[in-house]
Amino acid sequence: MIDLRNLSRRGFLNLGVAAGAGLMMPGGLIRPALAAAKPLAPVAEKDAVIAFGHTGPVTDEGWTWSHDQGMKAVQQAFPKLKTIFVESIPYSADASRTFRQFVSEGANMVFATSNYGDFLYDVAKRSPNVAFFECDGRHPMDNLGTYYVAHWYPTYVTGIAAGLMSKTGKLGYVASFPVPSVYSGTNAFLMGARSVNPNATLQAIAINSWFDPQAATQAGTALLDNGCDLLFGIMDEAGYLQVAEKRGAKAVMWNTDIRRYGPKGYISSIVVDFKKFYVEQVRQRLAGTWVPSTPILAMGAGVDRDAWGETVPEEVRKQADAARDKILGGWSPFTGEIKDSKGAVRVAAGKTMTEEELYNWNWSIEGVKGL
Amino acid sequence: MSGRIQRLPSAHPTVALLARAAAILLALLTAGVILAANGADPLKLVAQVVKSTFGSRFGLEDVGLLVTPLILTGLSVAVGLRIGAWNIGAEGQFYAGAFAATGVALFVPAPDFVLLPLAFVAGGLGGMAWILVPTLARAYADVSELITTLLLNFVAVLLVYYVSTGPWLDPDGHALATTARLPCELPEFWGAVHWGFPLAVLLTVLVAAGLSFTRWGYEVRVSGSNPQAARYAGMPFRRHLILVMLLSGAIAGIAGMFEVVGTVHRLQGGISNNFGYLGIMVAVLARGSALGVLAGAALMGIILNSGIILQTQGLNVSTVLAITGLILFFTAIGDELSHYRFVRNETASV
């Protein structure tokens with residue numbers, strides 16, 4: 001596993017396949033809380049309970065479905081352990097109740113597949129013998145790690161395709177909340193598009209949900225009505241792809257291959273795969289070697305672009321994939337000069353953003369509106 | 001034997017209670033049969049729910065935390081009903097109260113013993129402010145408060161999303177889409193259950209007593225059951241309406257204050273957990289009685305908590321929602337049926 005705080009970007013990318021490295025890497029950036037963490041005692045496979053708490057339904061064919069595939073991979077690798085899960089957990093005190101219920105049912109390891117913040121930490125603090133993992137989290141503790149995917153790289157790649165395929169140069173983005181994963185998504189996408197069309201702009205609409213097909217459809221429609229001809233977003237379902245298909249526009253999606261909802265409009269998707277990660281973490285937990293870590297799965301090792309859609313021209317595929325190869329070779333597109341939406345220089349010329357800066361990106365680049 | 005079925009204006013309390021118990025039992029039975037048909041073991045599930053809810057301190061604490069806002073939003077709606085006003089906006093007033101309390105907690109530099117009462121007052125005023133326009137519109141222009149209070153809910157949610165992801169966003173970035181953690185919190189009353197719980201019960205008892213034993217309460221009840229009669233008797237209907245609706249808003253606002261200062265500690269978009277809408281159900285279960293709200297909220301809290309337990313047992317969220325709906329559905333039927341009685345014809349027909 002890769003740890004973002006221990007590695008240079010180059011090392012990070014090259015280590016994409018070296019699973020298991022994790023916190024063993026020497027480095028000065030480990031937070032004190034993690035450095036002091038001792039491994040939790042081993043658990044026999046037949047006694048182990050692994051719990052998953054999801055933000056959406058496991059049938060969403062998107063984010064939650066992908067994590068559920070991860071849980072199924074765990075079941076396959078360790079058929080004797082018990083898995084439990086709860087779907088559609090709201091971002092309210094109900095989340096604490098759910099995680100607490102996991103603990104009281106004997107869970108040895110709890111994965112929260114979305115950022116539940118204090119709702120999770122309150123429970124983790126009171127359950128020191130349970131291992132917790134928070135997806136998209138930013139607050140590691142003695143018994144709580146964080147994990148995520150470096151989606152900004154494949155997003156940049158699909159952004160190039162978008163820049164080449166959009167006729168108006170106006171891109172639309174269906175956002176959930178103004179949070180770092182959304183900023184890194186909008187910014188990386190527009191930077192990819194601007195690398196081939198410097199006049200491209202991006203308009204975002206936030207719908208305050210990760211899974212709300214109706215609101216996503218309305219937002220997609222509004223964006224197209226405002227002159228956008230290509231949609232991107234960070235939704236857990238296919239709503240705005242169907243809008244794009246109906247209106248003859250194009251769309252880049254997230255999570256899984258959902259081209260059947262709009263084969264003509266589909267450009268690609270930021271596909272995620274957590275199977276290896278979950279199996280490895282559970283293996284460590286059972287073996288008694290688990291300590292919290294803060295991995296971000298690299299492009300090619302947990303996140304990538306999907307196979308191109310049928311209407312993406314050969315020339316576009318070639319140009320975008322050339323950038324993908326360059327990134328896999330160690331190049332970073334997130335190199336200055338980068339200005340924010342107010343025109344101030346935020347990344348100086350020649351300077352490359354670190355993985356931690358990309359993960360915590362909380363400002364819009366020039367050309368992004370609506371966040 | 002001949003007879004007829006007669007509808008009573010109000011059900012006999014014992015009959016109503018029996019009808020309710022029968023309804024819940026019937027709903028659980030129906031759910032059990034459906035679950036068994038789908039291969040689950042309903043008895044094992046029930047045992048698990050009972051064990052997790054009542055068999056552990058954690059379970060009881062969870063119910064306590066869940067019941068606190070339900071008591072208050074239920075009371076908010078029930079109070080409105082007493083004067084014939086449907087406050088569908090407890091959800092929005094909850095958000096407004098949480099918003100105002102957060103503003104005070106985050107920006108007023110004061111010690112806890114000053115800050116907490118201040119946040120409490122701010123929460124009440126926030127809820128009151130949110131129902132002010134619908135109240136005046138109803139009192140002076142006869143605009144249906146059902147629509148206006150409902151629509152303002154959406155404004156309140158968006159307002160909270162805006163401040164918690166915009167100007168009040170947590171500057172240290174540890175938590176996404178929320179404000180910073182509040183510097184003060186309600187002290188703990190029993191384990192994780194904070195003082196909001198006893199205060200909510202106390203407030204309910206006070207409101208119930210006010211409605212039952214004071215002249216004001218009497219006039220409110222008369223105004224609610226027959227506004228014309230109230231006006232004819234010289235009661236200030238409009239003044240009562242305005243006061244009761246503002247009180248209803250304030251109570252929902254206090255629920256929001258308790259939730260943010262006592263339970264969640266950060267203002268964020270999802271904070272209400274639909275407590276405002278669930279309050280309508282609590283008030284309906286309570287049949288509009290202020291004290292009945294306590295029982296209604298307890299029942300609702302146990303049902304919601306059981307829902308979480310059932311989900312960890314492998315039932316999906318839709319099944320759990322369906323069972324919740326089934327219980328309320330049967331309860332509503334039971335309530336209506338308890339108003340009827342069979343009267344035997346004593347005298348032979350001529």
Side-chain angles (χ1 to χ4, degrees), chain A residues 49 51-59 82-107 114-123 126-127 136-140 175-182 206-209 359-362 371, chain B residues 48 51-53 55-59 61-63 65-66 68-69 157-158 160-162 164-166 169-178 181 191-192 259-260 262-266 268-275 301 304-318 320-321:
Chain A
V49 178
F52 285 78
H54 299 301
T55 174
V58 295
T59 49
K82 187 181 158 196
T83 54
I84 49 181
F85 72 92
V86 171
E87 49 190 349
S88 303
I89 305 174
Y91 296 92
S92 71
D94 262 6
S96 283
R97 279 184 272 277
T98 306
F99 295 127
R100 197 142 37 156
Q101 185 60 26
F102 284 154
V103 172
S104 78
E105 296 204 9
S114 181
N115 180 308
Y116 281 96
D118 284 355
F119 298 124
L120 184 63
Y121 309 149
D122 288 348
V123 180
R126 288 172 194 232
S127 322
D136 199 13
R138 277 158 186 77
H139 193 65
S176 50
F177 307 93
V179 294
S181 52
V182 165
I207 64 164
N208 294 327
S209 176
Y359 183 47
N360 290 313
W361 213 338
N362 62 359
L371 281 180
Chain B
Q48 181 67 39
K51 196 182 119 216
S52 295
T53 311
S56 79
R57 190 167 158 157
F58 272 150
E61 284 179 12
D62 271 349
V63 174
L65 281 179
L66 204 46
T68 305
V157 183
L158 290 175
V160 167
Y161 268 119
Y162 169 70
S164 62
T165 58
L169 179 69
D170 181 17
D172 91 353
H174 275 165
L176 303 179
T178 74
R181 200 173 169 100
E259 188 69 4
V260 71
T263 307
V264 176
H265 310 302
R266 291 172 189 270
Q268 47 192 289
I271 191 167
S272 89
N273 214 12
N274 290 329
F275 286 132
L304 292 175
N305 197 50
S306 308
I308 291 169
I309 297 163
L310 287 177
Q311 284 185 65
T312 62
Q313 298 297 313
L315 261 64
N316 73 28
V317 68
S318 319
V320 172
L321 265 175

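Labels below follow one simple rule: chain letters A, B, ... track the order of the sequence lines, proteins then strands, and each chain is numbered from 1.
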If you define the side chain from C-beta out and look only at heavy atoms, does anything of [X] sit under 4.5 Å from [Y]?
X: A/P90; Y: B/N273; answer: yes
X: A/R138; Y: B/L176; answer: yes
X: A/S92; Y: B/I271; answer: no
X: A/V182; Y: A/F177; answer: no

Interchain contact, [X] with chain B, by part (heavy-atom threshold 4.5 Å):
X: A/F85; value: backbone
X: A/R100; value: side chain
X: A/E105; value: side chain

Under a 4.5 Å heavy-atom cut-off, does chain A meet the side chain of [X], its backbone, both or neither?
X: B/N305; answer: side chain
X: B/Y162; answer: neither
X: B/L65; answer: both
X: B/L66; answer: both

Can we call the ring centroids of A/F99 and A/Y116 under 6.0 Å apart?
->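 For A/F99 and A/Y116, the ring centres are under 6.0 Å apart.
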Winner by heavy-atom pair count (cut-off under 4.5 Å) against chain A, out of B/R181, B/H265, B/Q48, B/E61 =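 Option with the greatest count: B/R181.
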Flag the one option from B/G270, B/G166, B/G269 with the top tally of heavy-atom pairs under 4.5 Å to chain A.
->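 Top count of heavy-atom pairs under 4.5 Å with chain A: B/G270.
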Exercise: identify the closest heavy-atom pair between A/V49 and A/G106 =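 It is CB-O, 3.5 Å.
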Shortest non-hydrogen contact from B/E259 to A/A93?
->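 Heavy-atom minimum between the residues: OE2-CB, 3.7 Å.
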Select, from A/D136, A/D118, A/V179, the one with the greatest count of heavy-atom pairs under 4.5 Å involving chain B.
->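 The answer is A/D118.
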Interface residue of largest heavy-atom contact number with chain B, from A/V58, A/I89, A/T98, under 4.5 Å |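 Of the candidates given, the most pairs with chain B belong to A/T98.
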How about A/S114 and A/Y91: does a side-chain donor come under 3.5 Å of a side-chain acceptor?
->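 Looking only at side-chain atoms, A/Y91 and A/S114 do form a donor-acceptor pair, the distance falling under 3.5 Å.
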